[in-house]
Each structure stands twice: as C-alpha cells, then as structure tokens.
2 protein chains.
Amino acid sequence: MKKNPEQCQVVVALDMIVGKWKPVIIQHLLNGDVLRFNELRRLMPDITQRMLTLHLRELEEQDIVQRKVYPQIPPKVEYSITEYGRSLEMVMDAMHKWGAAHVEHMELKKKEEALSEKEI
Amino acid sequence: MKKNPEQCQVVVALDMIVGKWKPVIIQHLLNGDVLRFNELRRLMPDITQRMLTLHLRELEEQDIVQRKVYPQIPPKVEYSITEYGRSLEMVMDAMHKWGAAHVEHMELKKKEEALSEKEI
DNA sequence: CGGTATCCATAATGATACTG
DNA sequence: CAGTATCATTATGGATACCG
C-alpha cells in the first residue's frame, strides 16, 4: 500500500481526535465505562460545560461516541464509546506509547544540555 | 502549540504532529528523502512560505526534523527526518491505516442513509 | 441534570510585500 | 533560494449567565 501524503489519510484520523479535550474524553470512554455528563466533568475538572458539550456532539456526529438520553426528570444522559470508536484504540495506544517515550527523550535531552553547560 | 491540559501522553504525541501542514511534512520526510525548502513547497502547493517556515522550525525544535544549511549563494537548505523523528512512523502508520478504514466507513454510512431515505 | 446563548480572548493560519 | 515582516482573517476555546 502506497502512502500518498497529498490525500493524506493521517489527517482524516487526526481530525477525529484533535481538540483540546477530545483525546482525554476518548481515553476515558475507551476504558469501557458508560459515563454521564457530569461524571465526565468530574473526570476533567478544568473543562467547561460548553466545551464538553461541543466535543461530545462532534464525537457523536463522527460516530465515535454514543449518546443515550433517558427522557426523565431530572434528565439523564449516558455517553459510551461506539464499536467503531473502539477501533481508535490502536491509534490511541500507538500515541500513548510514543508519548511516554517522548517524555523520556526530553528528560534525556535536558540532562545532556545541563551536562554540556557544566563543561563550559 | 499549547500545553497539555492533563498528563495525558496521547496529548504529548499529538502536540508533535498537530498543525495544518505538519503531518504532511512529516509524511514526506518519512519517505526518507532529503528535501530542500522549495522542493517541499512544490510537494504542498497550497502551503504558504510562512507556514512552511513556521512548521519546519517547530519540527526542528522538537527534534523531529534536521535542518542543514549550506552557506553559499544562492542559499541551500536541506530538511530531513531525524532518527528520533523516524520513531513517529508507527504512530503515523496507525493513523494512516485508521484513516483509510474511516473513509470506507463513511462511504458505507452514506449508502445506508441513502437507502433508509428510499424506504421512507 | 444536562445542557444553551452570548460575548470575549487568544491562537492559528493566510495574504502580501520585501530581502540578503 | 530561502526566507522575514506586517497586517488581516478565521478557528478555537473560555467566562458567565440562563433554561427546561
């Protein structure tokens, strides 16, 4: 399979997970949990209600997240990963592993810089 | 490039490749080619000179891309992937594969929608 | 409880002209 | 050839108040 960067499919995948809180939301739902709106908020204390709504709606539109509304008062809405969304697990894993390695790489780089400063 | 809101390592990886043209630049350099500034421009006809410069400088800062300047007139600058940058290949591949599958998924979805409209 | 509606600040990108 | 500089525009996210 040839990789053609022009009609870059990497960008297609990126579009699904880019957004300040989207990766975190996806990660939480990939755990397999079914979470209510405010449960998600509690898991991400710094997200605003607005952004949580926006991102969840986008993920729903993208068929990554399923939204289930219970028509009752007070309202109850549950969010879960879709079967399709679960296919993102490979991608998320690859990035998670790379991210972890990157942290090590940066720490190494800092140490090297600190060392070469001492030598001067 | 913004700081990661949580200590999510997926976000660490994302920060390296997010940017309108960054994934495409990385893909081109991952091919193993050593490319000059204007060669990259030709490969991405719609990128502005400014954005190409900005993204390349960020990628250099992130140790993903190596910039080699030949001090001559007219100037000659070559860009290539670093060894560390090459480690992104796994991530890029995972996303590329997912992106390809996603295109199929969307086409399937459209067909289903078209079908259910006929039934109505 | 699970949202919307506004308004605002900042970040990201683009257009265009100029340069050693 | 490989950039900078400047200004304009758009995208993204935040603060706050209100709603059924």
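Just so you know, these numbers use all the heavy atoms, side chains as well, and skip hydrogens, waters and symmetry mates. Below, read A as the first sequence line, B as the second, and so on, with proteins coming before strands; counting in each chain starts at 1.
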Student: Starting at atom CD1 of A:Ile47, determine the distance to atom P of D:dG14, rounded to an integer number of angstrom.
Tutor: 8 Å
Student: Which nucleotide sits closest to the side chain of B:Lys20: D:dA2, C:dT13, C:dG3?
Tutor: C:dT13
Student: Show me the side-chain donor-acceptor pairs of residues 71-78 of chain A shorter than 3.5 Å, one per line, residues at least two apart or across chains.
Tutor:
| residue | atom | partner | partner atom | Å |
| --- | --- | --- | --- | --- |
| A:Glu78 | OE1 | A:Tyr70 | OH | 2.9 |

Student: Given D:dC1, C:dT13, D:dG13, identify the nucleotide with an atom nearest to the side chain of A:Met51.
Tutor: D:dG13
Student: Find the distance between OG1 (B:Thr82) and CZ (B:Arg67) and round it off to the nearest 0.5 Å.
Tutor: 15.0 Å
Student: Under the 3.5 angstrom rule, does the side chain of A:Glu39 hit a backbone N or O of A:Arg36 as a donor-acceptor pair?
Tutor: yes
Student: I need the CD1-P distance between B:Ile73 and D:dG3, as an integer number of Å.
Tutor: 14 Å
Student: Specify the separation, in whole Å, of atom CG of B:Leu35 and atom P of D:dA2.
Tutor: 11 Å
Student: Give the rounded distance in Å between these two atoms: NZ of A:Lys22 and C1' of D:dA11.
Tutor: 13 Å
Student: Which value, rounded to the nearest 0.5 Å, describes the distance between A:Leu54 atom CG and A:Lys20 atom NZ?
Tutor: 13.5 Å
Student: Tell me, please, which residues at least two apart from A:Arg50 pass salt bridge (Lys or Arg N to Asp or Glu O under 4.0 Å).
Tutor: none
Student: Going by side-chain contact (heavy atoms from CB on, under 4.5 Å), name the residues that satisfy it together with A:Gln62, two or more places apart in sequence or in a different chain.
Tutor: A:Met16, A:Lys22, A:Leu59, A:Ile64
Student: Hey, does the side chain of B:Glu60 reach the backbone of B:Arg57 with a donor-acceptor pair shorter than 3.5 angstrom?
Tutor: no
Student: Using whole Å, report how far CZ of B:Arg41 lies from C1' of D:dG3.
Tutor: 10 Å
Student: Got a second to check how far A:Ile47's CD1 is from A:His55's NE2, nearest 0.5 Å?
Tutor: 7.0 Å
Student: Rounded to whole Å, please give me the gap between CG in A:Asn38 and C1' in C:dC1.
Tutor: 6 Å
Student: Would you please classify the geometry between the B:Tyr84 ring and the A:His102 ring as parallel, tilted or perpendicular, with 30° and 60° separating the classes?
Tutor: parallel
Student: Enter the distance from A:Asp33:CG to A:His28:NE2 here, rounded to the nearest 0.5 Å.
Tutor: 9.5 Å
Student: Using a 4.0 Å heavy-atom cut-off to protein, can you give one letter per nucleotide of nucleotides 15-20 of chain D, 5' to 3': B if the base is in contact, S if only the sugar-phosphate is, - if neither?
Tutor: B----B
Student: Which residues, if any, of residues 53-63 of chain A bring a heavy atom under 4.0 Å of DNA chain C?
Tutor: A:Thr53, A:Arg57
Student: For the helix from C:dC1-D:dG20 to C:dG20-D:dC1, figure out the bend between the end axes, five pairs an end, and round to 10 degrees.
Tutor: 50°
Student: How close or far is atom C1' of C:dT13 from atom CE of B:Met44, stated in whole angstroms?
Tutor: 15 Å
Student: Any chance you could measure A:Leu52, atom CG, to A:Trp21, atom CH2, to the nearest 0.5 Å?
Tutor: 10.0 Å
Student: Is B:Tyr70 touching bases, backbone alone, or none of the nucleic acid, heavy atoms closer than 4.0 Å?
Tutor: nothing
Student: Report yes if at least one side-chain N or O of B:Tyr79 is closer than 4.0 Å to OP1 or OP2 of D:dC1; otherwise report no.
Tutor: no
Student: In whole Å, I'd like the distance from the CG atom of A:Leu43 to the P atom of C:dG2.
Tutor: 13 Å
Student: State the CG-CD distance between A:Leu29 and A:Gln66, to the nearest 0.5 angstrom.
Tutor: 11.0 Å
